[in-house]
Amino acid sequence: MLRSMALYRLSEDPPPALTAPALVAAFDGWIDAAGASTAAAARVADGGRTLATFDPDALYDYRARRPVLDVVDGTLTELTWPELSLRGRRIGERDVLALVGPEPDFRWQELGADVLELCLRLGVVEWISLGSLPAAVPHTRPVPVLGTASKPGLLPDDVPQGPAGLLRVPSAALSAVEFAVAGSGIPTVGFYAQVPHYVGSTYPAAAIALLEHVGRHLGVTFDTADLRRAADTTRERLDAAVAADEESRAYVARLEMMADEQGRPAGEDLIAEIERFLRQRADGGAEDDRPGPT
């Protein structure tokens, strides 16, 4: 039985019939380093129709995430509220959905129950979480991507499941929602791009890596031509910043050596970087693009 006070509203009721829909989800927040995962999810949703919207008054603290007000010539003209929505489009022979928006502040458990209800109503056959995490990796190497899965055999061979051992960190809302979906038996996977921790702005290379992994996983393709141009520009800027500072050159060289020797950071290194990133966000600071030891 549907709950009478659901947090979402369908754009069409009854909802449209979909073919083997997979749901890709990303929230901005603490597992969205450099905005990479939400950029990737937005690209998945690009051109899609809105299937459902969620009640922002129930989910957001507007003092922490204020709506944007446009004032033109002294007149209040537009107020844009934070929006969490589900959009979908047909790609090839299947439907792909994207749940994307700001990370909710409130009612995570209710949100998980409602998203699960929505998945069941739409016939979702698979859930894919996207995230991006700060890590001790160099911008001069391909973006490493770690995976999570609700059961063995869901991830492709080229995506390591990890990090190995226990990783105990403050949860993101996305993980809480995924946990509710996985508990119903819907297969869930997650792809998490590792972003060089010294990147203080957007990092298109990580968004591209996530889209490539999602595309291979689902057997679909996404247009990333503009993201690749942006990634080339970012690479040039980072290269110039490193070349201009001897300490930065030495630091990136050490990261390159670590990446070449071990393929990806050890679990302890990733945990340390996550904790450092969380502290930096809590302090309200913003890093520049000059590499340096933490």
Side-chain angles (χ1 to χ4, degrees), residues 1-28 37-56 58-59 83-104 108 110-131 147-151 153-156 159 173-191 207 210-224:
M1 180 180 297
L2 301 181
R3 293 192 293 121
S4 59
M5 297 298 291
L7 295 172
Y8 69 89
R9 176 178 297 177
L10 287 168
S11 298
E12 302 176 34
D13 198 0
L18 303 175
T19 301
L23 195 156
V24 178
F27 299 159
D28 80 0
S37 60
T38 47
R43 183 57 53 95
V44 171
D46 190 33
R49 58 176 172 168
T50 300
L51 300 176
T53 56
F54 290 79
D55 181 4
L59 295 176
E83 180 183 79
L84 177 63
S85 64
L86 179 69
R87 288 188 284 167
R89 62 178 172 133
R90 188 84 168 186
I91 304 179
E93 299 299 317
R94 70 180 308 171
D95 289 288
V96 180
L97 316 180
L99 178 65
V100 63
E103 181 180 44
W108 289 8
E110 289 181 58
L111 178 63
D114 278 355
V115 170
L116 170 58
E117 178 181 277
L118 189 54
C119 287
L120 296 175
R121 295 185 71 178
L122 295 174
V124 169
V125 299
E126 184 174 12
W127 171 283
I128 303 172
S129 289
L130 298 183
T148 61
S150 57
K151 61 182 180 181
L154 295 178
L155 289 171
V159 179
L174 179 62
S175 301
V177 174
E178 179 186 339
F179 196 78
V181 173
S184 74
I186 295 175
T188 67
V189 299
F191 296 112
L210 290 172
L211 286 168
E212 288 176 342
H213 279 76
V214 172
R216 286 196 296 269
H217 187 70
L218 296 179
V220 300
T221 58
F222 302 101
D223 182 8
T224 59

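From a predicted model like this one, the values you see are computed outputs, not experimental measurements.
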Side-chain donor or acceptor of Ser11 paired with backbone N/O of Thr50 under 3.5 Å:
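Here the side-chain-to-backbone pair exists.
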Show your reasoning for whether side chain to side chain contact (heavy atoms under 4.5 Å, CB included) applies to Leu86 and Leu122.
CA-CA 11 Å; Leu86 179 69; Leu122 295 174; 3.5 Å; yes
Residues two or more places apart in sequence or in another chain: which of them pass side chain to side chain contact (heavy atoms under 4.5 Å, CB included) with Thr221?
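Partners of Thr221 under the side chain to side chain contact (heavy atoms under 4.5 Å, CB included) test: none.
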List the residues meeting side chain to side chain contact (heavy atoms under 4.5 Å, CB included) with Ser150, not counting sequence neighbours, and say none if there are none.
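With neighbours one apart ignored, the set is Leu154, Ala182, Thr188.
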[X]: partners by salt bridge (charged side-chain N to carboxylate O under 4.0 Å, His left out), with sequence neighbours left out:
X      : result
Arg89  : none
Arg87  : none
Glu212 : Arg228

Does any non-hydrogen side-chain atom of [Y] lie less than 4.5 Å from one of [X]?
X      : Y      : answer
Leu218 : Glu126 : yes
Arg94  : Val125 : yes
Trp127 : Leu99  : yes
Tyr8   : Leu111 : no
Phe27  : Leu84  : yes
Ile186 : Leu120 : yes

Show me the donor-acceptor pairs within less than 3.5 Å that the side chains of residues 12-24 make with the rest of the protein, sequence neighbours left out.
| from | atom 1 | to | atom 2 | distance (Å) |
| --- | --- | --- | --- | --- |
| Glu12 | OE2 | Arg49 | NH1 | 3.0 |
| Asp13 | OD1 | Arg121 | NH2 | 3.4 |
| Thr19 | OG1 | Arg90 | NH1 | 2.9 |

As an exercise, state the distance from [atom1] of [X] to [atom2] of [Y], rounded to the nearest 0.5 Å.
X     : Y      : atom1 : atom2 : result
Leu7  : Asp114 : CG    : CG    : 4.5 Å
Ile91 : Phe222 : CD1   : CZ    : 4.5 Å
Arg43 : Leu210 : CZ    : CG    : 12.5 Å
Leu97 : Ile128 : CG    : CD1   : 10.5 Å

With side chain to side chain contact (heavy atoms under 4.5 Å, CB included) as the test, would you mind laying out the steps for Leu174 and Leu130 before giving the verdict?
CA-CA 9 Å; Leu174 179 62; Leu130 298 183; 5.9 Å; no
Name all pairs fulfilling the salt bridge (charged side-chain N to carboxylate O under 4.0 Å, His left out) condition that reach into residues 213-224, sequence neighbours left out, sorted by first residue then second.
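Listed once each, the pairs are Asp158-Arg216.
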Mind telling me whether Phe191 and His213 have parallel, tilted or perpendicular rings, with 30° and 60° as the class edges?
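Ring orientation of His213 relative to Phe191: tilted.
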Using side chain to side chain donor-acceptor pair (under 3.5 Å) as the criterion, list what pairs up with Glu103, not counting sequence neighbours.
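Result, side chain to side chain donor-acceptor pair (under 3.5 Å) vs Glu103: none returned.
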Output all residues satisfying side chain to side chain donor-acceptor pair (under 3.5 Å) with Thr148, sequence neighbours left out; order by chain, then residue number.
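Residues passing side chain to side chain donor-acceptor pair (under 3.5 Å) with Thr148: none at all.
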Would you name the heavy atoms of [X] and [Y] that are closest together and state the gap between them?
X      : Y      : answer
Ala41  : Val100 : CB-CG2, 4.0 Å
Ala26  : Ser37  : CB-O, 3.5 Å
Leu116 : Ala180 : CD2-O, 3.8 Å

What pairs with Phe54 under ring-ring contact (aromatic ring centres under 6.0 Å, His included), at least two apart in sequence or on another chain?
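Listed in chain order: nothing, the list is empty.
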